[in-house]
Amino acid sequence: MSHVFHRHLHQTPAVAVAASGVEIRDSGGRTYIDASGGAAVSSLGHGHPDVIAAMHAQIDQLAYAHTSFFTTGVAEELGRELVRGAPEGTSHAYLVSGGSEAVEAALKMARQYFVEIGQPERTQFIARRQSYHGNTLGALAVGGNAWRRAPFAPILVPATHVSPCNAYRDQRTDETPAQYGQRLADELDAAIRAQGPRRVIAFVAETVGGATAGVLTPVPGYFKAVREVCDRHGVLLILDEVMCGMGRTGTLHACEQEGVLPDLITVAKGLGGGYQPVGAVLAQSRIVDAMSRGSGYFQHGHTYLGHPVACAAALAVQRVIRRDGLLDKVRDDGAAFAGMLEQALGGHPHVGDIRGRGFFWGVELVAERAGKTPFDPCLKLHARIKAEAMERGLLCYPGGGTADGRAGDHVLLAPPFIATRTELQTIAARLAESIEAATARIPRAA
Ligand code: PLP
């Protein structure tokens, strides 16, 4: 009997014993291609020698020093590296231990900014339905993932949720992508006005939606229109790139492809590539300067902020990405991967949509394509696909509630940036077999 409090109390997962490159092996000797990098984490795959060497060197030199007494050379270097690659105007990186911590810090930073500049009446956050920003209470409150929120809803701080940017389901046939994006920005404008003047702190959104709705890419112009609305009302724009950032979509930050400058960006997963728990908030100088001129500190903190070994791992991961030209590879091979997925799955009667960028792809499943009708959620198609995929030596990241928080199924793919075209081809083929097997076993009436 396991004494580990696992995610599911009735199932103990397979025991992972070793991993190398794109593969991970369990104690039964079975090998899987890690086609989702866990949950879009393993950007360099497993066992990268440069990252491991950097971690070893850091542990030998200094494994931990509390940030209320010391900074460290490695944290300073990571800060420099992150600011160097961040959008114009970014001056600081606040270094935390994961995605939820990054989002919590961003929410509090945004709130404190307004307290510092004399607008304490701003107390509200607006985010989007079908979003995911983490599982701590603040991050869960802004998130729009219905089932994750449900049991905790009575104890969450209030947040307003507007429509996600979901062209597949919500763009009308009589509107262009630009008109659809503007309609959504107008909805945000109305939501801000409904709160009253100077009540809203920030609009929080994943630049490319990830876990809840299965890789929702924004329509062109959507984020520019959103930025204009935020500026009109003095509202901050927080882009959550915990999943889609740090190269996953082919640019270091996904917002580079949208032509917008967020006030705060959260990053995590791909930052340390799974070698250490690490995340960061990248802050524009005007936010930091206001705090600096005001109280002079950020009223926040955790014991493991800027952990030296986490910083060493993140720094090494980011240097390898730059040295090996992996962003170019993600863009080039990502385009090829799109073609492979289209070829393997595009004609499947239960594949409704294939969407994504770079090495970040979502496949949405439907019972019936013309009406985009989801499968009955009781069938748990996403869980069946996950099981079929594992049977075939494939790790993917399926989810349910894709369409509206309750119904709908998708599979998320986020292969390591080092995956070869042959491995990408194998991923597409194994996923097609898994989807075919899972949907073929669905009872006819469904
Ligand atoms: N934000 C986004 C966009 C995420 O996808 C996730 C995790 O999936 C989080 C925040 C939370 O990150 P973590 O699980 O590291 O706390």
Verdict with supporting geometry, V411 and Y397, side-chain contact (heavy atoms from CB on, under 4.5 Å):
CA-CA 6 Å; V411 177; Y397 190 47; over 6 Å; no
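- Aromatic pair H350/F375: centroids less than 6.0 angstrom apart.
- F223 CZ to C230 SG: the interatomic distance, rounded to the nearest 0.5 Å, is 9.5 Å.
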Next on the checklist: Walk me through whether Q195 and T160 qualify under side-chain hydrogen bond (donor to acceptor under 3.5 Å, both in side chains).
Outcome noted: CA-CA 9 Å; Q195 296 291 334; T160 306; 2.9 Å; yes
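- Inter-residue side-chain proximity for L82 and L95 is flagged as met; some heavy-atom pair is nearer than 4.5 Å.
- With rounding to the nearest 0.5 angstrom, the CG atom of N145 is 8.0 Å from the CG atom of L140.
- Taking the ring axis of Y32 as reference, the NZ or CZ atom of R25 does not stay both within 45° of it and closer than 6.0 Å to the ring centre.
- Shown here for L216 and P164, the closest heavy-atom pair between the two residues is CD1-CB, 4.2 Å.
- E436 has its side chain out of reach of E388: every pair of non-hydrogen atoms, C-beta onward, lies at least 4.5 Å apart.
- Between H300 and H302, the ring-plane angle classifies as perpendicular under the 30° and 60° cut-offs.
- Looking at R369, its side chain does come within 3.5 Å of a backbone N or O of H348 through a donor-acceptor pair.
- Looking at E104, its side chain never comes within 3.5 Å of a backbone N or O of K108 through a donor-acceptor pair.
- L395 contributes atom CG, which lies 11.0 Å from atom CG of L413 (distance to the nearest 0.5 angstrom).
- The residue from L264, V281, V96, D240 that alone fulfils the side-chain contact (heavy atoms from CB on, under 4.5 Å) condition with V103 is D240.
- With values rounded to the nearest 0.5 angstrom, L236 atom CG is found 4.5 Å from D263 atom CG.
- Looking only at distances, no side-chain donor or acceptor of Q11 sits under 3.5 Å from a matching main-chain atom of H8.
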Item to complete: Would you please test L379 and R384 for side-chain contact (heavy atoms from CB on, under 4.5 Å) and show each step?
Response: CA-CA 8 Å; L379 295 168; R384 293 173 187 243; 4.0 Å; yes
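- Nearest approach of A93 to V83, heavy atoms of both residues: N-CG2, 4.3 Å.
- Scanning both residues, A432 and A344, for their nearest heavy atoms gives CB-O, 3.7 Å.
- Taking 4.0 Å as the cut-off between side-chain N and carboxylate O, R323 and D50 count as a salt-bridged pair.
- Distance alone, capped at 3.5 Å, is enough to place a donor-acceptor pair between the R227 side chain and the L261 backbone.
- Taking each heavy atom of V208 and A254 in turn, the nearest pair found is CG2-CB, 4.4 Å.
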*asked:* As a quick check of understanding, evaluate side-chain hydrogen bond (donor to acceptor under 3.5 Å, both in side chains) for T426 and E423, giving each step before the final call.
replied: CA-CA 5 Å; T426 306; E423 286 160 345; over 6 Å; no
Taking it one step at a time, do R355 and E364 satisfy salt bridge (Lys or Arg N to Asp or Glu O under 4.0 Å)? CA-CA 8 Å; R355 54 193 178 232; E364 182 163 344; 2.9 Å; yes
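- Within a 6.0 Å sphere centred on NZ of K372, heavy atoms belonging to other residues, nucleotides or ligands number more than 12.
- By the neighbour-count criterion of 12 heavy atoms within 6.0 Å, atom CD of Q343 is sparsely surrounded, having that number or fewer from other residues, nucleotides or ligands.
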For this session: Evaluate the salt bridge (Lys or Arg N to Asp or Glu O under 4.0 Å) criterion for residues R406 and D404: first the C-alpha distance (whole Å), next the side-chain angles of each, then the deciding distance (0.1 Å), finally the verdict.
Result: CA-CA 6 Å; R406 201 188 69 87; D404 57 7; 5.0 Å; no
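- Contact of the V219 side chain with the C165 side chain is registered, since non-hydrogen atoms from C-beta on lie closer than 4.5 Å.
- Minimum heavy-atom separation, T212 to H410: O-CE1, 3.4 Å.
- A distance-only check finds a donor-acceptor pair linking the side chain of S2 to the backbone of V4 [under 3.5 Å].
- A191 approaches V162 most closely through the heavy-atom pair CB-CG1, 3.7 Å.
- Between I126 and V204, the closest side-chain pair of non-hydrogen atoms is not below 4.5 Å.
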Requested in this report: Begin with the C-alpha distance, continue with both residues' side-chain angles, and end with the deciding distance and a verdict on salt bridge (Lys or Arg N to Asp or Glu O under 4.0 Å) for R322 and E81.
Outcome: CA-CA 11 Å; R322 194 148 38 81; E81 172 81 20; 2.6 Å; yes
Kindly determine whether L252 and Q318 satisfy side-chain contact (heavy atoms from CB on, under 4.5 Å), including the steps that lead there. CA-CA 10 Å; L252 193 59; Q318 297 313 311; 3.8 Å; yes
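- Using a 4.0 Å cut-off between a side-chain N of Lys or Arg and a carboxylate O of Asp or Glu, R319 and E77 qualify as a salt bridge.
- With a 4.5 Å cut-off on side-chain heavy atoms, T251 and R331 count as touching.
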Problem set entry | Stepwise side-chain hydrogen bond (donor to acceptor under 3.5 Å, both in side chains) test for R129 and S163 | CA-CA 6 Å; R129 293 190 293 280; S163 302; 2.8 Å; yes
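- Expressed to the nearest 0.5 Å, how far CD1 of I427 lies from CG of L341 amounts to 9.0 Å.
- A donor-acceptor pair under 3.5 Å is absent between the side-chain atoms of R248 and the main chain of G358, judged by distance alone.
- Judged by distance alone, with hydrogens and angles left aside, the side-chain atoms of H253 form no donor-acceptor pair with the main-chain N or O of C255 at under 3.5 Å.
- N135 contributes no side-chain N or O that, together with a main-chain N or O of A139, makes up a donor-acceptor pair within less than 3.5 Å.
- At least one side-chain heavy atom of R421 sits less than 4.5 Å from a side-chain heavy atom of D333.
- Contact of the F360 side chain with the R357 side chain is not registered, since no non-hydrogen atoms from C-beta on lie closer than 4.5 Å.
- Using a distance-only test at 3.5 Å, with no hydrogens or angles considered, a donor-acceptor pair links the side chain of Y180 to the main chain of N166.
- Between Q182 and D186, some side-chain heavy-atom pair lies under the 4.5 Å cut-off.
- For the pair S434 (side chain) and R430 (backbone), a donor-acceptor distance under 3.5 Å is present.
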I435 vs L345, test: side-chain contact (heavy atoms from CB on, under 4.5 Å). Steps then yes/no.
CA-CA 9 Å; I435 289 176; L345 293 161; 3.7 Å; yes
**Study point:** Derivation of the side-chain hydrogen bond (donor to acceptor under 3.5 Å, both in side chains) call for E258 and T207
**Key:** CA-CA 8 Å; E258 303 309 313; T207 314; over 6 Å; no
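- Once rounded to the nearest 0.5 Å, the distance linking CE of M340 with CG of L431 reads 13.5 Å.
- Crowding of K329 atom NZ: a count of heavy atoms from other residues, nucleotides or ligands under 6.0 Å exceeding 12.
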